[in-house]
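Worksheet: the structure to be examined is printed underneath.
Values below: every heavy atom of this structure, side chains too, minus hydrogens, waters and symmetry copies. Order of appearance sets the numbers: ligands from 1, and atoms from 1 within every ligand.
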Amino acid sequence: MSEELRSLLWTGSSLRVLDQVRLPFEWAWIECTSCRDVYDVIKNMNVRGAPAIGVAAAYGMALAAREAINRPDPAQFVYDAAELLKRARPTAVNLTWAVNRSIREGAPDLGRDPEAVAAELTEFAGTMAHEDEERNLALSTFGATLFEDGDTVMTICNTGALATYRYGTAFGCIDAAFQKGTRISVIALETRPYLQGARLTALELVHAGIPFRLITDGMAGFAMERGMVSKVIVGADRIAANGDFANKIGTYQLAVLAQYHGIQFYTAAPMSSFDFSLSSGAQIPVEQRDESEVLCFAGQRVAAEGAHAWNPSFDVTPNELLTGIVTDRGIFRHPFGRWE
Ligand code: MRU
């Protein structure tokens, strides 16, 4: 596996975040020393990808507990920090999951000595980071079995090491297959408007040495019609109890196209991306981002002044369109609903 690209580094007293807004041309790290800093880097998408956001938020809780030491009501400060972090982005469940777990399991008694709470939450964030690494490695190993020599695998957005603490999810499966010698190639979608495919996945593919071609999102159907795609694998930001899932905008149309063309369509995600409190994908909150991302391309306005845009950052794919869900517990297939 290619391991060198890292999204987050804990220094012992701060969280270093690789600024993904500037990639692939500039490698800059943002130093987060407060919970507010972590909120900002998640909201501004300097760090993005569901599992990476979850781990960043766990470190945000650790930083909040450190800041709380000299506050009049340290416990309340940490609770407020938790609420702030959860508001940073709404769709990826890993964020809320990580924050809630930090309070429930990391420091169950926030009324205790604030120094002890800070130490506990720092250790817990490290545990969550390590867990994410292990889950992604496990799911990548399961997912690698899906691919055969000669496969061309289509993917959207970025689901590699940059989107996780380590290894990646959908990208991790592709990479694990390639690294064990399966002769596959990739078609990566550029992923308008934020260009995670063009800016980040292309970088990860180059880095891993996997042969690929980048296409614009609108080329996906024609590529399938021309027989250029044998499988599709994507990530997930939140999977409901029935298997419906939210992922980057454009995923749903890929699933519909894949079914029309008889192409297997998978999502890959750690169990931390499941939200069993939701019975279906209709209940998943979908982040709406600023219209300027659509009205502009790479920071340059392309639509006429006076034009307005719609900019949902995710869409929801119904479970019927899925061939399977790759997780750290194995590959689930229809009928979905039994997740043990
Ligand atoms: O808006 P982003 O870049 O955070 O969206 C990321 C995705 O949609 C990924 O596919 C998903 O988070 C899984 S990442 C392993």
Side-chain angles (χ1 to χ4, degrees), residues 5-8 17-21 23 41-57 88-98 129 132-133 135-140 143 154-176 188-204 217 232-239 245-255 265-275 281 284-290 293-294 311-317 325-328:
L5 295 175
R6 301 298 297 268
S7 56
L8 302 167
V17 173
L18 181 62
D19 187 356
Q20 299 190 28
V21 171
L23 289 176
V41 291
I42 295 174
K43 191 165 180 56
N44 299 333
M45 292 176 66
N46 308 99
V47 59
R48 26 67 48 203
I53 292 174
V55 175
R89 292 190 76 191
T91 302
V93 73
N94 307 61
L95 175 59
T96 334
W97 173 83
D132 186 59
E133 183 174 333
R135 285 178 196 267
N136 297 333
L137 192 55
L139 76 84
S140 298
M154 180 174 274
T155 193
I156 187 168
C157 197
N158 171 259
T159 59
L162 293 170
T164 59
Y165 186 67
R166 245 175 145 184
Y167 299 125
T169 57
F171 186 94
C173 300
I174 294 168
D175 193 26
L189 268 62
E190 69 167 350
T191 320
R192 269 282 281 155
Y194 210 72
L195 303 177
Q196 289 94 330
R199 295 190 303 105
L200 309 174
T201 301
L203 172 70
E204 291 190 326
D217 302 351
V232 181
I233 190 164
V234 300
D237 286 82
R238 192 183 297 229
I239 305 175
F245 73 103
N247 191 51
K248 182 50 55 196
I249 191 74
T251 300
Y252 170 55
Q253 66 197 17
L254 282 190
F265 181 91
Y266 297 91
T267 185
M271 292 307 293
S272 50
S273 296
F274 280 75
D275 184 349
I284 299 177
V286 173
E287 177 181 9
Q288 291 286 333
R289 294 191 65 85
D290 197 274
E293 291 176 358
V294 174
N311 188 14
S313 194
F314 300 93
D315 57 28
V316 178
T317 299
I325 305 181
V326 182
T327 77
D328 44 300

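By the salt bridge (Lys or Arg N to Asp or Glu O under 4.0 Å) test, Asp315 is found to be paired with no residue, residues two or more places apart in sequence or in another chain being considered.
Defined by atom type and a distance below 3.5 Å, a donor-acceptor pair is missing between the side-chain atoms of Gln20 and Asn46. With no hydrogens or angles considered, a side-chain donor-acceptor pair links Glu204 and Asn158 at under 3.5 Å.
The cationic atom of Arg289 (NZ for Lys, CZ for Arg) does not lie both less than 6.0 Å from the six-membered ring centre of Phe314 and within 45° of the ring axis.
Side-chain N or O atoms of Ser273 include none that pairs as donor or acceptor with a backbone N or O of Ala269 at under 3.5 Å.
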Please tabulate, one line per pair, the protein nitrogen or oxygen atoms found under 3.5 angstrom from a nitrogen or oxygen of ligand 1, with distances to 0.1 Å, or say none if there are no such pairs.
from     : atom 1 : to     : atom 2 : distance (Å)
ligand 1 : 1 (O)  : Arg89  : NH1    : 3.4
ligand 1 : 1 (O)  : Arg89  : NH2    : 2.8
ligand 1 : 1 (O)  : Lys248 : NZ     : 2.7
ligand 1 : 3 (O)  : Arg48  : NE     : 2.8
ligand 1 : 3 (O)  : Arg48  : NH2    : 3.2
ligand 1 : 3 (O)  : Gln196 : NE2    : 2.8
ligand 1 : 4 (O)  : Gly49  : N      : 2.9
ligand 1 : 4 (O)  : Arg89  : NH1    : 2.9
ligand 1 : 8 (O)  : Asp237 : OD1    : 2.8
ligand 1 : 8 (O)  : Asn247 : OD1    : 3.2
ligand 1 : 8 (O)  : Lys248 : N      : 3.3
ligand 1 : 10 (O) : Asn247 : OD1    : 2.6
ligand 1 : 12 (O) : Ala50  : N      : 2.8
ligand 1 : 12 (O) : Asp237 : OD1    : 3.2
ligand 1 : 12 (O) : Asp237 : OD2    : 2.9

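Salt bridge status for Arg192 with Asp217: absent, with no side-chain N to carboxylate O gap under 4.0 Å.
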